[in-house]
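Before anything else, here's the structure in question.
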Amino acid sequence: MKLADRYNAKETEEKWYPHWMEQKYFASKPDDREAFTVVIPPPNVTGILHMGHMLNNTIQDILIRKARMDGKNACWVPGTDHASIATEAKVVRKLREQGIKKGDLTREAFLKHAWDWTDEYGGKILMQLRKLGASCDWDRTAFTMDEVRSKQVIKVFVDLYNKGKLYRGLRMVNWDPQAQTVLSNEEVLHSDEDSFLYHLRYKIDHNGEESAELNRLSRKIKQLKAEVKYYKPNAKSKGTYAKSSYHSLSNLLKKLEAEYAAKEEAYNWLTIATKRPETIMGDTAIAVHPEDPRYTHLKGKRAIVPLINRSVPIIFDDYVEMDFGTGALKVTPAHDPNDYEIGLRHKLEVIDTIADDGKLNEKAQIHIGIDRFEARDLVKNDLETAGHLVRLEPYKGSIGRSERTGAVVEPKLSLQWYVDMKKIAAPALEAVMTDEIEFFPKKYKNTYHTWMDGIRDWCISRQLWWGHQIPAWYYKGETFVATNADDALKLAQAKFGKDVKLADLKQDEDALDTWFSSWLWPFSVFDGMESGGEVDYYYPTSVLVTGWDIIFFWVARMVMAGYEWKGTFPFKDVYFTGMVRDKQGRKMSKSLGNSPDALGLIEDYGADGVRFGMMSCSPAGGDLLFDKKLCEQGAAFCTKMWNALKLIKGWEVADKAVSPDLEKVNALAAKWMEQRLSNILTDIESNFKTYRLSEVTMDLYKFIFGDFCGWYLEIIKPPYGSPIDKATYNQAINFFETLMTVLHPIMPFVTEEIWHQLKDRKHGEDCMMSQYPKAGKVDAAFLKNFETVKDTITKIREIRQKNQLKSYEPLKAFVQESASAKGFFDIDGMKELLQKMAALESLDFTKAEPENTVNFISGTEKFYVELNLTIDVAAEKERISKELDYMKGFLVSVDKKLSNERFVNNAPAKVVENERNKQADAVAKIAILEESLAKLN
RNA sequence: GAGACUGUAGCUCAGUUGGUUUAGAGCAUUACCUUGACAGGGUAGGGGUCGGGGGUUCGAAUCCCUCCAGUCUCACCA
């Protein structure tokens, strides 16, 4: 069969993926092999594939395919999560477009819509993963809200509650007014934003009590005014005395008036600074620092909240920073976590002035029904009009926004469910710190440590319907937590007697945070709460591949869940991928429009091209700057391999080579290939162990492009029109086959295709299921010699190029006779190889420098190439001098080391010996060069 | 405010416990070659005082200190 002229990625992909599926290669059942398990970070069920998914799923697929080829029972479990906030928002929006309000629907009706939506769009992303070549066990596809997973989520909730590690409490929470749900701390993103610090003055309420000092001043001013009037110059006044009295008195009056104004301000007014003037209607105190001298006189006093004229106490609390703002703080316990704490300490009233939707409520008294940000401007205007706005100071401060909706988070007092994290965090922290679970890269241990150390309770209830409804039932102020309503009823009856009926119990309306289901993922996908089933075989999983951005959301919590319910870690290794950025280093985002269409890329460059592109730019852990060019390079790599296949398959095969010399050359090349293969396999194994997959990718790229195609195939390529010998042909096919196996995990499609083209295969014989080769022994001396011959060839090519000789023009060459040179050319095929590759018509030993030649050193040998043209003596001299200088400099540095007694005494023997060899080499080369130079003079 | 990380060729990065030629790769670039697998090719070359300064050491891109520049994470300063 004739091979296609060009490699067709699309055709290949459409051929092999279904074939692998039919053969059930992706499926895994427990057996007596070692398990290699990976659970997919479940993407949002209604999401679409983006670059981040491409990256981390490519990595997972590479690891899984490699493990499978290593003879392990590889199991990659796919699935999706229900993404409660995001999905609910999408469904709500869609309903609104149809003119349906969520509030008008019952929970059941709404959930029906949500399930319809999920069924329609759900799992699309998993179909897209197949295009990438992902070898997931699709029969195991799980969903965080399917029956098996839901059952476990509920069980976990009940279990934690019964163990006292879960509680319901009234706390200051992060409220998302847009999604109208509470959020966990991790779902709030803080960033600095420009705003203002409003300086507002509150009137001090002295309860009718007057200031003696002010009264005294006031009286004085009155007197003075009268005097000033008396001395006011007019027609009758005469003399300088009157005039000067008038001036000094009126100056004094001015001073006193100013003093009065300042004293009056200080006595009657108190200025505070706030970012949120719209919350003053919820103020229930003003706080100052107990040791602030500016405010000591205010002990026991009260202040009047502007606009609504509420009298609130002035309290003293050392939370207040004296040097921030004005040193005085308005206290609004309902709308600020710190104020809430202060409120608790001072038993302050909590007045909640903002409704769930972010609009002011009737408690605010003014601007009711206006959104908080609009209200901010309105209140500011009101305050300005009423003379309470002292000044506006531009201010940059941290603002918390909802990760999902982007809405500014509103602190709010609310009754919610929490996991008591301190009670489950300890083993999870230790596991990572002691490397029982190993992080790649290591630096994330730190991040993890900091977070775990200061861990705060996890708010898990959400005011949403799309999710697992909280299994808590309420009756007469009591809470009954059970896996189902009947069990809850039993609990209630045990407490309140048999008269309690199911209808009397009211189940909590809220749903659970999505992460409360995904943190069970490594065992819930195997229905693994209880042991005895498959979970015993597959758990703990081998490695988790995920972005570092969800280290707290997901990774840390999975570790905790693993220890809590399975008594051990959920995964042995964690490989954190970086974020995919564009080539300018910007985050990929919809608004920037810099995020390439993932499927479009596959369309353009083939799945293998894209996989190569992703891998060649992804150092472990670092962010990767994605450039389409790398995919292009990947696609070109496929073409290169395809062309190599065409070359080999195009050869005519004979029993023997055209000459015995060529057979020797081919045998030598085969030996070299074998050695290099062992060499690279050793590197690949160690790089796989440390997840340096971009190294593996690049090493293979260079090896196949350079060593295999550039050298090996060029060496064995038969002369034009001649056949190749059968042995060499088979070797070449075998090497190629091995290379396809080695590359398969990274580029599965092209390797499968070429692997099949290389030999006739039986049905069910496939590259993806073949065994990954193992490294053999490496003969370092041999490899070094081969490098020397390659170097010699290169140098002869260089001479040709410099002298503008054609690459095929035959040349005569000589080598300086010496023991080492003899040894070198004793290697079978070495001489013939050099002659073939450098197009030499002859290669002979010589004792003296032949006429008309230029020379060079390769390894420790001196070579001469005869040129039938006049040699540019000056240029030659310059070239040799340059090399001589380099060698001399080099020798100096080596000599310096060796003449240093402390080096010789302290450095390891191997290092010293190495230096001695370098020295000897350098001395020999310098001698040769000097001799050549002398000849030219 | 606290902490972490990074700084090596035009770009993106390797450089694995300090010693394998006085620093490597891919891409880009330059010159040349190219009817014999491959212009998505071949051959060769240029390009870096390893952010600056100081120190430890026989020896530093690698360890320590300091400064500079950048990135990120965490944190309740109104």
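Reminder, nothing fancy here: chain letters follow the sequence lines and each chain counts from 1. Keep in mind the model is a prediction, meaning the values are calculated, not measured.
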Discussion item. Using a heavy-atom cut-off of 4.0 Å across all strands, would you classify A/E632 as base, sugar-phosphate, or nothing?
Written reply: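 Here A/E632 touches no strand at all.
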Discussion item. Taking the P atom in each of B/G48 and B/G36, what is the distance between them to the nearest angstrom?
Written reply: 39 Å
Practice prompt. Name all residues meeting the side-chain hydrogen bond (donor to acceptor under 3.5 Å, both in side chains) criterion together with A/S858; count only those two or more places apart in sequence or in a different chain, and write none if there are none.
Written response: A/D791, A/T792
Worksheet item: Whole Å only: how far is the CG atom of A/D791 from the P atom of B/A44?
Response: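 Checked: the CG to P distance equals 10 Å.
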Worksheet item: Under 30°, 30 to 60°, or over 60°: which ring-plane class applies to A/W642 and A/Y7, parallel, tilted or perpendicular?
Response: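 A/W642 and A/Y7: tilted rings.
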Worksheet item: When you compare B/U16 with B/U66, how far apart are their C1' atoms, in angstrom units rounded to a whole number?
Response: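 That atom pair is separated by 28 Å.
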Discussion item. With rounding to the closest Å, how many angstrom separate the P atoms on B/G15 and B/A75?
Written reply: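 Between the two P atoms, the distance is 32 Å.
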Fill in: Residues which pass side-chain hydrogen bond (donor to acceptor under 3.5 Å, both in side chains) with A/D283, listed by chain and number, not counting sequence neighbours
A/Y202, A/K330, A/T332
Item to complete: Take the protein atom NE2 of A/H449 and the nucleotide atom P of B/C5, then report the distance between them rounded to whole Å.
Response: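 It works out to 14 Å between those atoms.
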Discussion item. Testing the 3.5 Å rule here: is there a donor-acceptor pair between the side chains of A/H199 and A/T326?
Written reply: no
Worksheet item: Do A/E714 side-chain and B/A37 base share a donor-acceptor contact under 3.5 Å?
Response: yes
Worksheet item: Is there a side chain to side chain contact (heavy atoms under 4.5 Å, CB included) between A/R201 and A/L270 once you walk through the steps?
Response: CA-CA 5 Å; A/R201 59 177 203 168; A/L270 179 57; over 6 Å; no
Practice prompt. Give the C-alpha distance, both sets of side-chain angles, the deciding distance and a yes or no for salt bridge (Lys or Arg N to Asp or Glu O under 4.0 Å) between A/D627 and A/K629.
Written response: CA-CA 5 Å; A/D627 187 348; A/K629 262 204 161 137; 6.0 Å; no
Worksheet item: Who pairs with A/F703 by ring pair (Phe, Tyr, Trp, His ring centres under 6.0 Å), at least two apart in sequence or on another chain?
Response: none
Write down the protein N/O and nucleotide N/O pairs, taken from nucleotides 59-64 of chain B, whose separation is under 3.5 Å; answer none if there are no such pairs.
none

Discussion item. Measuring from atom CD1 of A/I704 to atom CG of A/L739, what distance do you get when rounded to the nearest 0.5 angstrom?
Written reply: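 If we round to the nearest 0.5 Å, A/I704:CD1 and A/L739:CG are 5.0 Å apart.
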Discussion item. Parallel, tilted or perpendicular: which one describes the rings of A/F735 and A/Y712, with boundaries at 30° and 60°?
Written reply: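 Perpendicular: the ring planes of A/F735 and A/Y712 meet at over 60°.
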Discussion item. Using the rule given for salt bridge (Lys or Arg N to Asp or Glu O under 4.0 Å), can you reason through A/K918 versus A/E915, listing the C-alpha separation, both sets of side-chain angles and the distance that settles it, and then say yes or no?
Written reply: CA-CA 5 Å; A/K918 284 201 260 177; A/E915 290 301 314; 2.9 Å; yes
Discussion item. Can you check the distance between B/G51 and B/U6, where both ends of the measurement are the P atom (answer in whole Å)?
Written reply: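 About 12 Å, rounded to a whole number of Å.
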Worksheet entry | Nearest-neighbour nucleotide for the A/Y720 side chain, B/G26, B/A37, B/G36 considered |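 For A/Y720, the side-chain atoms sit closest to B/G36.
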Worksheet item: What orientation do A/F439 and A/Y448 show, parallel under 30°, tilted 30 to 60°, or perpendicular over 60°?
Response: perpendicular
Discussion item. Has A/R581 got a side-chain atom pairing as donor or acceptor with A/L625's backbone, closer than 3.5 angstrom?
Written reply: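 Answer holds: no.
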Item to complete: Give a yes or no on whether the backbone of A/I724 and the side-chain of A/T728 come within a donor-acceptor separation of less than 3.5 Å.
Response: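 Judged by distance alone, no pair lies under 3.5 Å.
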Worksheet item: Between B/A25 and B/U8, how far is it from one C1' atom to the other, in whole Å?
Response: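 B/A25 and B/U8 have their C1' atoms separated by 13 Å.
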Discussion item. Which residues in residues 701-709 of chain A have a heavy atom closer than 4.0 Å to any atom of RNA chain B?
Written reply: A/Y701, A/K702, A/F705, A/C709
Discussion item. Once salt bridge (charged side-chain N to carboxylate O under 4.0 Å, His left out) is applied, do any residues pair with A/K442, and if so which ones, sequence neighbours excluded?
Written reply: A/E438
Worksheet item: Please walk me through it: do A/Y691 and A/F440 pass ring-ring contact (aromatic ring centres under 6.0 Å, His included)?
Response: CA-CA 8 Å; A/Y691 301 98; A/F440 297 85; 4.8 Å; yes
Grab the N/O contacts between the protein and nucleotides 15-17 of chain B below 3.5 Å, and write none if there aren't any.
unit_1	atom_1	unit_2	atom_2	d
B/G15	OP1	A/R692	NH1	3.3
B/G15	OP1	A/R692	NH2	2.9

Worksheet item: Whole Å only: how far is the CG atom of A/L713 from the P atom of B/A37?
Response: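 So the CG-P distance, A/L713 to B/A37, works out to 11 Å.
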Item to complete: Please figure out whether A/K646 or A/W711 has its closest RNA chain B nucleotide nearer the 5' end.
Response: A/K646
Practice prompt. For nucleotides B/U57 and B/U62, find the distance between their C1' atoms and express it as a whole number of Å.
Written response: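 About 13 Å, rounded to a whole number of Å.
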Worksheet item: Please give, in whole Å, the distance from B/A44 C1' to A/I793 CD1?
Response: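 It works out to 15 Å between those atoms.
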Worksheet entry | Whole-Å C1' distance, B/A61 and B/A23 |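 Comparing C1' positions in B/A61 and B/A23 gives a spacing of 8 Å.
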Practice prompt. Ignoring backbone atoms, establish whether A/K918 has a side-chain N or O less than 4.0 Å from OP1 or OP2 of B/U20.
Written response: no
Worksheet item: How close or far is atom C1' of B/U22 from atom CE of A/M887, stated in whole angstroms?
Response: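 The distance from CE of A/M887 to C1' of B/U22 comes to 11 Å, rounded to the nearest Å.
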Worksheet item: Of all the nucleotides listed (B/A14, B/U12, B/U43), which has the minimum atom distance to the side chain of A/L625?
Response: B/U12
Practice prompt. Would you mind building the protein contact string for nucleotides 70-78 of chain B? One character per nucleotide, 5' to 3', B for base within reach (heavy atoms under 4.0 Å), S for sugar-phosphate only, - for untouched.
Written response: -----SBBB
Fill in: Those residues that, when tested against A/Y319, pass side-chain hydrogen bond (donor to acceptor under 3.5 Å, both in side chains) (two or more places apart)
A/N338
Discussion item. What is the separation between atom CZ on A/R797 and atom C1' on B/A31, rounded to the nearest whole Å?
Written reply: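 About 17 Å, once rounded to whole Å.
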Worksheet item: Is there a donor N/O on one and an acceptor N/O on the other, under 3.5 Å, for the side chain of A/K640 and the base of B/C38?
Response: yes
Please produce a list of atom pairs where a protein N or O lies less than 3.5 Å from an N or O of nucleotides 32-34 of chain B.
unit_1	atom_1	unit_2	atom_2	d
B/U34	OP1	A/K806	NZ	3.2

Worksheet item: By side-chain hydrogen bond (donor to acceptor under 3.5 Å, both in side chains), which residues pair with A/Y701, not counting sequence neighbours?
Response: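 In terms of side-chain hydrogen bond (donor to acceptor under 3.5 Å, both in side chains), with neighbours along the sequence ignored, A/Y701 is linked to A/Q633.
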Worksheet item: Rounded to the nearest 0.5 Å, what separation is found between the CD1 atom of A/I754 and the SG atom of A/C638?
Response: 7.5 Å
Worksheet entry | Same-atom distance (C1') from B/A31 to B/U73, integer angstrom |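 Looking at atom C1' only, B/A31 and B/U73 are 49 Å apart.
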Item to complete: Mind listing the closest non-hydrogen atom pair of A/A644 and A/C709 along with its distance?
Response: CB-SG, 3.9 Å
Discussion item. By the 4.0 Å heavy-atom rule, please label A/A922 as base, sugar-phosphate, or nothing.
Written reply: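 No contact at all - A/A922 keeps every heavy atom at 4.0 Å or more from the nucleic acid.
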Item to complete: Please say which of A/E187, A/H190, A/E193 ends up in a side chain to side chain donor-acceptor pair (under 3.5 Å) with A/R401.
Response: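 Answer after filtering A/E187, A/H190, A/E193: A/E193.
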Worksheet item: Which dot-bracket string fits RNA chain B when only Watson-Crick or G-U wobble pairs with both atom distances under 3.5 Å count, crossing pairs get [ ], and | stands for a partner on a different strand?
Response: (((((((..((((.....[....)))).(((((.......))))).....(((((..]....))))))))))))....
Worksheet item: Is it true that the side chains of A/H289 and A/E321 contain a donor and an acceptor less than 3.5 Å apart?
Response: no
Fill in: Residue closer to the 5' end of RNA chain B, A/N446 versus A/L647 (nearest nucleotide)
A/N446
Item to complete: Take the protein atom CG of A/L898 and the nucleotide atom P of B/U21, then report the distance between them rounded to whole Å.
Response: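 Checked: the CG to P distance equals 15 Å.
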